[in-house]
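FYI, the numbering just counts along the sequence from 1.
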Amino acid sequence: MTQAVIETGIAPPPKPKGFRLLRLALGSRKSFIMLMLGFSSGLPYALLIGTLNAWLGEVGIKLATIGVLSWIGLAYSFKFLWSPLVDRFELPLLNALGRRKSWILLCQAVMVGAFSALALTNPVTNIGWFAIFAVIAAIASATQDVAVDAWRIDVADEATPVEILSPIYQFGYRTASIVGGAISLVLAARMSWPSVFSIMAALIVVVALITLRAPDTDRPDASRLQTELAGVGSVDPRTRAVALLVVAFSWIWAITSLGRFMASVLAVQPPGVKPPSASDFLKSTGPWIVVATVLVPLIVAAATNWMKAHKTNVLTVADTTHSPVRTTMNHLYGALVSPLAELVERLRWGVLVIFGMILTYSLVFNVWSSFAFPFYLDYLHYSKDEVAFASKLFGIIMTMVGVGLAGYLFARIGRLPTMLIGAILPIFGNFIYADLAEGGAHIDIFCNALGINTFAGLFGFDARMTRLLTSITAENISTGIAGAAFVAYVSGIVSRKYTAVQYALLSSLTFLIGSLGRGIAGEAFDTYGYAPVFRGTALVGLVAVLFVLLEWARVSRSPAAADQRA
């Protein structure tokens, strides 16, 4: 029985779904604006991570280059680094528009400019500038996500609670995925790619005009964090500064290394000079990037916990010093070190298992997502209309079926068993795609045996299209289950004190490894072909299965952890 039922004796009304949810969105200003902001968040991601690669593949850009360019997705991995800036910094001139609204409008303006610049740039002759504009769009999009997530929490009230605003946001986001994916492909079959991206930029302008009508909230008292860090027993300011500098240097080195390598790959090479290899870079530098962005911050967090526990380098009297520099350092420490320190303190050595699982869980299907359009359009030679329907309409429906199945599995067998199923199924999905890449002989046997070809024929689909739809069904249902399981798991282990930052940190790790993997996957596709790489990445999925089993064993042995999961 919920707290609301206990206090009032009346059960709360059921949460609206489907078209009723949409009607609610259209009937409330906050909800309608949330729908539009969800659209504004989903559209650039769909364009940059998927549709942009269809354009590059069509004009003959090598898959290795596309793979490296897909590293623009790292902006979504690193967005928590500048989230304190978005949270606290008042934008000159624009701040009068509102605390969150000013940042959202700034990001929308930058995205309009970046997408317009992409439309005016030929990727064949100016791939360097093309990449720069794509990076700018990705950073603006990731920053907008930070502001939109904060806006959703800030403006929630009893009339429009966050439980209503969140699914409305997802509705807008999914709608944008269709527009940025399926509709963009349909348009590209009938007009030029620059025209398509110009239309997408115009849609963001429309959303920006609606954003001007969004309500906003006042800035809260910023003294709570300062009070906590200035209290007796907290790590002293000098030690906090050293810890912050170590973590910041590690992240800056990782980002700079990736940026330099992207620039070297996309630069025009002299005649006879071979471009840098993503595979060589990741073999030599990739492990150190993971060490710098994951292991070093964990060690620093553990060290600060040890100091507090042993009363070493801690404040013995309250710190009364106030300055803009101290305030800024405290905010950065609260964003980069404190959330990890709380995780390490609570989970102890189990945090290594959890981080290993998070790093590998979605690698099987995330690593090739940027190459889906080149695979369908250029390798398998499906038309843009066929891919738009199969991947971005039918495929999204199958993903939502997978999400629904995950919800059923949560209720029937629990979170970790569902996590295990979500780790195993995408492995089979990759083997199915390997068969599709080689002609789909085994898919045809399966479809004929179950009468799927006959059923699909009733809707006008031939064997070739049925082969694609069957593969997408298996892939998207399995990834839908895996994605829902992952979100539920990560949501369950974060602390309420650091919900937003810890969730951003943990979820960003999947973007980090997936983006790094895409760089080497693009080169591997060029070198070995699609089928061998699909099989190779499927085997990598076994590592994720192992980590899920280790986490299951850890939880089973720990009553406290089991209670936390419950």
Practice prompt. May I ask you to establish whether Arg535 and Tyr433 are in a cation-pi arrangement, using a distance under 6.0 Å from NZ or CZ to the six-membered ring centre and at most 45° from the ring axis?
Written response: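 Judged by the rule, Arg535 and Tyr433 form no cation-pi pair.
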Spatial distance of atom [atom1] ([X]) from atom [atom2] ([Y]) [nearest 0.5 Å]:
X	Y	atom1	atom2	result
Ile104	Lys101	CD1	NZ	9.0 Å
Asn453	Asp444	CG	CG	6.5 Å
Thr418	Ile481	OG1	CD1	8.5 Å

Between [X] and [Y], is the ring centroid distance below 6.0 Å?
X	Y	result
Phe39	Tyr173	no
Phe389	Phe461	yes
Tyr45	Tyr76	yes
Tyr379	Tyr530	yes

Using only atom types and a distance under 3.5 Å, with no angle test, would you say the side chain of [X] pairs donor to acceptor with the backbone of [Y]?
X	Y	result
Thr466	Ala456	no
Asn476	Gly395	yes
Lys62	Asp526	no
Glu386	Ser383	yes
Asn126	Thr121	no
Tyr382	Arg464	yes
Thr479	Glu475	yes
Tyr361	Met419	yes

Student check: side-chain heavy atoms of [X] and [Y] closer than 4.5 Å:
X	Y	result
Ile424	Val545	yes
Ser177	Ile396	yes
Arg100	Val148	no
Ile210	Phe32	yes
Met36	Val206	no
Ile354	Phe547	no
Glu58	Lys384	yes
Ile204	Gln144	no

Closest non-hydrogen atom pair, [X] against [Y]:
X	Y	answer
Ala201	Ser116	CB-OG, 3.9 Å
Ala54	Leu185	CB-CD2, 4.1 Å
Val124	Ile61	CA-CD1, 4.3 Å
Ser184	Thr51	CB-CG2, 3.9 Å
Thr143	Ile139	OG1-O, 2.7 Å
Ile432	Ser471	CG2-OG, 3.8 Å

Practice prompt. I would like to know whether Thr360 and Val540 meet side chain to side chain contact (heavy atoms under 4.5 Å, CB included); could you show each step before the answer?
Written response: CA-CA 8 Å; Thr360 59; Val540 174; 5.9 Å; no
Practice prompt. Test Leu47 against Leu52 for side chain to side chain contact (heavy atoms under 4.5 Å, CB included), laying out the working first.
Written response: CA-CA 6 Å; Leu47 291 171; Leu52 189 72; 6.0 Å; no
Flag if over 12 foreign heavy atoms under 6.0 Å of [atom1], [X]:
X	atom1	value
Trp253	CH2	yes
Phe431	CZ	yes
Phe394	CZ	yes

Over 60° means perpendicular and under 30° means parallel, so classify the ring planes of [Y] and [X], tilted if in between.
X	Y	value
Trp193	Trp55	parallel
Phe375	Phe534	perpendicular
Phe455	Phe459	perpendicular

Worksheet item: What do the steps show when you test Arg467 against Asp435 for salt bridge (Lys or Arg N to Asp or Glu O under 4.0 Å), and what is the final call?
Response: CA-CA 10 Å; Arg467 199 178 297 139; Asp435 185 58; over 6 Å; no
Worksheet entry | Any donor-acceptor N or O pair under 3.5 Å, side chains Thr470, Thr473 |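 Checked: Thr470/Thr473 side chains show no N/O donor-acceptor pair below 3.5 Å.
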Practice prompt. Could you give me the CA-CA distance, side-chain angles and deciding distance for Leu43 and Phe115, then say whether side chain to side chain contact (heavy atoms under 4.5 Å, CB included) is met?
Written response: CA-CA 11 Å; Leu43 185 62; Phe115 283 124; over 6 Å; no
Practice prompt. Check the pair Leu468, Ile472 against side chain to side chain contact (heavy atoms under 4.5 Å, CB included), reporting the backbone distance first and the verdict last.
Written response: CA-CA 6 Å; Leu468 177 62; Ile472 286 177; 3.9 Å; yes
